[in-house]
Structures are given as structure tokens and as C-alpha cells.
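One structure follows; several queries about it will come next.
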Amino acid sequence: MSGQVRRLLLVVACALIDADGRVLIAERPKGKSLAGLWEFPGGKVEPGEAPEAALIRELAEELGIVTQVACLAPLTFASHAYDEFHLLMPLYVCRRYEGTPASREGQALKWVRPKALRDYPMPPADAPLIAHLVDLLEPP
Ligand code: 9L3
Ligand code: MG
């Protein structure tokens, strides 16, 4: 694709926070792009779909939880230009949802203290988001 324009891929992601201030991350399963890297749960926004609606749908599909638009607080954006597309990914913070997050797509899940997120290899779009979560959840 070098020398060609990249399409924009809109993806939404969520930092689910538990009562102890830990953040949920998911390991991308074998067979997917970026397999083995740890990411904030989420996925692609479908054409015509509102970002919050896409995130609510992805959280239900991947983790089996139900949340509401009012429980999604936008925190920041990630952006990364891959060879094939330019990824734009708003990150939402969610502290209130129904159900217990469980792996619905074979992905490993981990609840991690914000500063310990640095110990997990993440996709290039996700890694810069850690600093924003540390500022929010574990300020000095
Ligand atoms: N992606 C990166 N970080 C994330 C998510 C949810 C997704 N936290 C990237 C990986 C893929 C693309 O977005 O390149 C689409 O994600 P998926 O539909 O393959 O999960
Ligand atoms: Mg996904």
C-alpha cells in the first residue's frame, strides 16, 4: 500500500474500571491481527453506527456485559497509521455495567493496576493510552 492513501478505520475502545480501580485488558487471540498483544476491549464501528452504540455492542459481544451510554465517559483518542489503514480510536472509561465480564471470544482477560499496564505488550494505538489512565486513576 505504500504510496497510496490509507482509509480511516474507526474503532472504539473501553477502559472498564472495577471497584479497586483496576483496568480490564484482553489478549488478542491467535489468528487475529496483533495476536498476543493486550488491548482495551472494543472493536470496529460499523457504517452509520454511533461510536457509543458500537462500544455497547462490542462489550456485550466480547465480555457479555450490558452498559448504557450514560456510563461511557470519553477520555481521549488514540491514532496510529498502519500500512493498510489509519486507525482512529476514542477511548471511553466505564465504571458501571451489568454482569461480570467474561471471555466470550476465547480471549484471555486480566484486571490490572493502571501503572502495571506498562508490563503488558500492547498494540501501538493502545500503549499511549496508559499514561492517560494513570493520570486519571493513580495521580501522583
Ligand atoms: N485495535 C487496536 N486496539 C484496540 C482494539 C479494540 C482494536 N483496543 C485494532 C486492531 C485491529 C483493528 O483495531 O487492527 C480492528 O480491531 P478488531 O476488529 O480486529 O478487534
Ligand atoms: Mg474487538
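Both ligands and their constituent atoms are indexed starting at 1 by order of listing. In this text, all values refer to a predicted model and were calculated from it rather than measured experimentally.
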(message) Counting only heavy atoms closer than 4.0 Å, does ligand 1 sit against the backbone of Glu58, its side chain, both, or neither?
(response) neither
(request) List every atom of ligand 1 that sits less than 4.0 Å from any heavy atom of Asp126, numbering the atoms from 1 in the order shown and giving each element. (result) 2 (C), 3 (N), 4 (C), 8 (N)
(request) Only heavy atoms count here, so choose which of Val45, Leu88, Leu87, Leu37 is nearest to atom 12 (C) of ligand 1. (result) Leu87
(request) Give a yes/no on ligand 1: does Met122 have at least one heavy atom closer than 4.0 angstrom to it? (result) no
(request) Flag the pair Ile65 / Leu16 as yes when at least one side-chain heavy-atom distance between them is below 4.5 Å, and no otherwise. (result) yes
(request) Determine whether Pro101 and Leu59 make a side-chain contact, defined as any pair of heavy atoms from C-beta on separated by less than 4.5 Å. (result) no
(message) More than 12 heavy atoms of other residues, nucleotides or ligands under 6.0 Å from CZ of Arg113: yes or no?
(response) yes
(message) Give the atom numbers and elements of ligand 1 that come within less than 4.0 Å of a heavy atom of Lys32.
(response) 20 (O)
(message) Could you tell me if the side chain of Glu46 sits less than 4.5 Å from the side chain of Arg57, heavy atoms only?
(response) yes
(message) Can you report which non-hydrogen protein atom sits closest to atom 19 (O) of ligand 1, along with the distance?
(response) Arg28 NH2, 2.8 Å
(request) Using a strict cut-off of 4.0 Å, indicate which atoms of ligand 1 neighbour a heavy atom of Gly43. (result) 6 (C)
(request) Determine, step by step, whether Arg96 and Thr67 satisfy the side chain to side chain donor-acceptor pair (under 3.5 Å) criterion, reporting the C-alpha distance in whole Å, the side-chain angles of both residues, the deciding distance to 0.1 Å, and the verdict. (result) CA-CA 7 Å; Arg96 285 193 298 134; Thr67 190; over 6 Å; no
(request) Please determine if the Mg ion (ligand 2) has an N/O/S atom from Gly42 lying under 2.8 Å away. (result) yes
(message) Under 4.0 Å between a side-chain nitrogen and a carboxylate oxygen: does that hold for Arg7 and Glu84?
(response) no
(request) Could you check whether the rings of Tyr82 and Phe85 sit parallel, tilted or perpendicular, using 30° and 60° as the cut-offs? (result) tilted
(request) Can you sort out which atoms of ligand 1 are near Leu34, meaning under 4.0 Å from one of its heavy atoms? (result) 10 (C)
(message) Are the side chains of Glu52 and Tyr92 in contact, using a 4.5 Å heavy-atom criterion?
(response) yes
(message) I'd like to check which ligand 1 atoms, numbered from 1 as shown, lie under 4.0 Å from a non-hydrogen atom of Gly42.
(response) 6 (C)
(message) Return the closest protein heavy atom for atom 1 (N) of ligand 1 as residue, atom name and distance.
(response) Glu39 OE1, 4.0 Å
(request) Output the list of atoms in ligand 1 that are nearer than 4.0 Å to some heavy atom of Phe40, sorted by atom number. (result) 4 (C), 6 (C), 8 (N)
(request) For His80 and ligand 1, answer yes if some heavy atom of the residue is under 4.0 Å from a ligand atom, otherwise no. (result) no
(request) May I ask you to check whether Glu62 brings an N, O or S atom to under 2.8 Å from the Mg ion (ligand 2)? (result) yes
(message) Give me the nearest non-hydrogen protein atom to atom 18 (O) of ligand 1 as residue plus atom name, then the distance to 0.1 Å.
(response) Lys44 NZ, 3.3 Å
(request) Answer yes or no: is there a side-chain heavy-atom contact under 4.5 Å between Leu133 and Glu138? (result) no
(message) Between Arg104 and Glu61 (salt bridge meaning N to carboxylate O under 4.0 Å), is one present in this structure?
(response) no
(message) Give the atom numbers and elements of ligand 1 that come within less than 4.0 Å of a heavy atom of Phe85.
(response) 14 (O)
